[in-house]
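Have a look at the structure below before the remarks.
Every heavy atom of this structure was used, including side-chain atoms; hydrogens, water molecules and symmetry mates were not. Throughout, protein chains are lettered first and strands after them, A, B, ... in sequence-line order, and every chain is numbered starting at 1.
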Number of protein chains: 2
Amino acid sequence: MISDMTLIEETSPRERIVEAADRLFNARGVNSVGMDQLRDAAGVSLKRLYGVFPTKEDVILAVLEKRHRMWTDAVEARIAAAPDARGKVLAVYDFLTDWFRDVDFRGCMFINTFAELGATSPRVAAAIQEHKAGFQRRLADLVTELGGPPSLAAQLALLAEGAQTTAAISGGSDAAAQAREAAITLIDVALTPGR
Amino acid sequence: MISDMTLIEETSPRERIVEAADRLFNARGVNSVGMDQLRDAAGVSLKRLYGVFPTKEDVILAVLEKRHRMWTDAVEARIAAAPDARGKVLAVYDFLTDWFRDVDFRGCMFINTFAELGATSPRVAAAIQEHKAGFQRRLADLVTELGGPPSLAAQLALLAEGAQTTAAISGGSDAAAQAREAAITLIDVALTPGR
DNA sequence: CACTTTAGAGAACGATCGTTCTCTTCGCAA
DNA sequence: TTGCGAAGAGAACGATCGTTCTCTAAAGTG
């Protein structure tokens with residue numbers, strides 16, 4: 001025994017499960033992926049799978065947590081790289097542009113999962129609402145730094161959400177560019193002293 | 001025999017099936033409703049159900065068609081009641097306001113169904129894309145009447161889509177009002193000669 | 001080495017799904 | 001009345017789901 005704490009040699013079973021679940025859930029939806037396929041994709045026995053996650057709902061919640069973390073980190077990296085407050089707000093749409101170009105993009109998993117389980121699983125619904133609320137809060141902070149009113153933040157959030165569903169359904173990554181253009185207009189108007 | 005054409009005495013079995021399916025699909029999602037529950041809700045035998053719709057996918061397509069018709073009719077009624085071109089564009093968001101207030105509102109069924117079946121059923125995916133494309137075309141026509149550029153129509157569509165997902169997930173019908181406000185701003189800027 | 005614990009492989013279980021089949025009843029033409 | 005086609009009620013089927021159980025091999029401990 002090398003250490004008394006659990007040691008991660010390559011990648012832990014938990015990580016492999018979450019990673020495989022993320023990939024499969026994103027590609028085919030939550031309900032279309034069975035636990036057996038999860039076991040095969042993760043290279044883990046069913047016993048261990050259920051040892052780590054007692055329920056499929058727990059797997060889903062873990063995937064959503066990971067998505068939330070990666071999404072937030074990627075957006076924050078974009079924001080941090082922007083030079084000024086205005087650029088920080090627009091960085092959100094730059095992130096969307098890159099994201100929509102990803103070959104694996106199949107829409108926002110939070111929106112998709114809410115459509116599948118929102119009416120059935122309260123825990124999943126709450127996690128999704130928390131994610132969206134967190135994004136809106138972050139956007140509100142950025143808008144406040146910019147000197148804009150809270151109503152502007154709400155409008156910018158609508159543009160981001162609309163871009164995600166439009167990109168998912170109609171395809172094409174230009175939804176992000178259109179959202180960015182609209183955001184620029186809304187910001188300029190909100191920050192113009194006259195009117 | 002009263003007539004040689006099929007006579008609709010009360011409501012036809014087909015209508016009853018589609019109406020029940022619409023209500024159940026909207027409330028719990030497409031995959032969570034079985035054909036047996038559909039039979040019970042429609043008051044129809046399984047044999048007749050499968051006689052009218054050979055497949056569950058056909059039921060879903062029929063429900064989407066009905067939704068598309070009712071959605072389009074309701075929006076067009078709002079548009080027709082507006083006095084001028086600008087009001088006709090804003091009528092779209094007035095419709096959203098009313099819609100989100102409906103106690104049965106559970107998000108846009110097209111978005112929800114795409115999340116559930118978009119990756120699995122090409123026919124369903126195509127119907128959904130056609131619905132969204134039709135909305136964008138109608139919006140583009142209204143914007144053209146207004147004298148605005150096509151890019152404005154795309155931006156206004158993003159606001160409408162974002163309002164629908166936001167209202168579905170975060171609840172509250174104020175998403176429509178926020179979208180309307182943003183739309184006013186975008187329209188005003190696009191129609192202002194200077195700049 | 002003997003023994004206990006652990007974990008892997010996968011069969012099995014009960015539920016539910018979409019779909020089909022069986023059985024029975026009913027309405028109606030001859 | 002007799003015979004027949006249509007339709008309702010619901011059992012049944014095969015597949016798949018989430019979850020649990022069994023069996024066996026391996027590994028750590030005395």
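At whole-Å resolution of the value, CG in B:Asp40 and P in D:dA9 are 10 Å apart. The CZ-C1' distance, from B:Arg39 to D:dG10, rounds to 7 Å in whole Å.
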Test log, rule side chain to side chain contact (heavy atoms under 4.5 Å, CB included), inputs B:Ile60 and B:Arg123 = CA-CA 10 Å; B:Ile60 296 168; B:Arg123 291 167 68 202; over 6 Å; no
Are B:Leu96 and B:Trp99 close enough, and set up right, to give a side chain to side chain contact (heavy atoms under 4.5 Å, CB included), and what steps lead you there?
-> CA-CA 5 Å; B:Leu96 292 183; B:Trp99 184 28; 3.8 Å; yes
Could you go step by step and tell me if A:Phe25 and A:Asn112 meet the side chain to side chain contact (heavy atoms under 4.5 Å, CB included) rule?
-> CA-CA 10 Å; A:Phe25 288 169; A:Asn112 293 342; over 6 Å; no
Only pairs under 3.5 Å count here: list side-chain donor-acceptor contacts from residues 139-159 of chain A, not counting sequence neighbours, and write none if there are none.
from	atom 1	to	atom 2	distance (Å)
A:Thr144	OG1	A:Ala140	O	2.8

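Taking the six-membered ring for Trp and the full ring otherwise, the centers of A:Phe110 and A:Trp71 sit at least 6.0 Å from each other.
Residues from residues 115-127 of chain B placing a heavy atom under 4.0 Å of any atom in DNA chain D do not occur.
Listed by chain and residue number, B:Asp98 satisfy the side chain to side chain donor-acceptor pair (under 3.5 Å) test with B:Arg78 (two or more places apart in sequence, or in another chain).
Within the structure, salt bridge (charged side-chain N to carboxylate O under 4.0 Å, His left out) pairs that include any residue of residues 110-119 of chain A do not occur (at least two apart or interchain).
Taking the six-membered ring where the residue is Trp, A:His131 and A:His68 present perpendicular rings, their angle passing 60° and hence far from 30°.
Looking only at atom types and distance, the side chain of B:Glu57 has a donor-acceptor partner in the side chain of B:Ser121 under 3.5 Å away.
Terminal axes of the helix from C:dC1-D:dG30 to C:dA30-D:dT1 (five pairs each, C1' rotation axis) are separated by 20°, to the nearest 10°.
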Once each nucleotide of nucleotides 11-28 of chain C is scored for protein heavy atoms under 4.0 Å, what B/S/- sequence comes out, 5' to 3'?
-> B-----SSBB-B------
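Classification of A:Glu15 and A:Lys66 as a salt-bridged pair fails, no side-chain N sitting under 4.0 Å from a carboxylate O.
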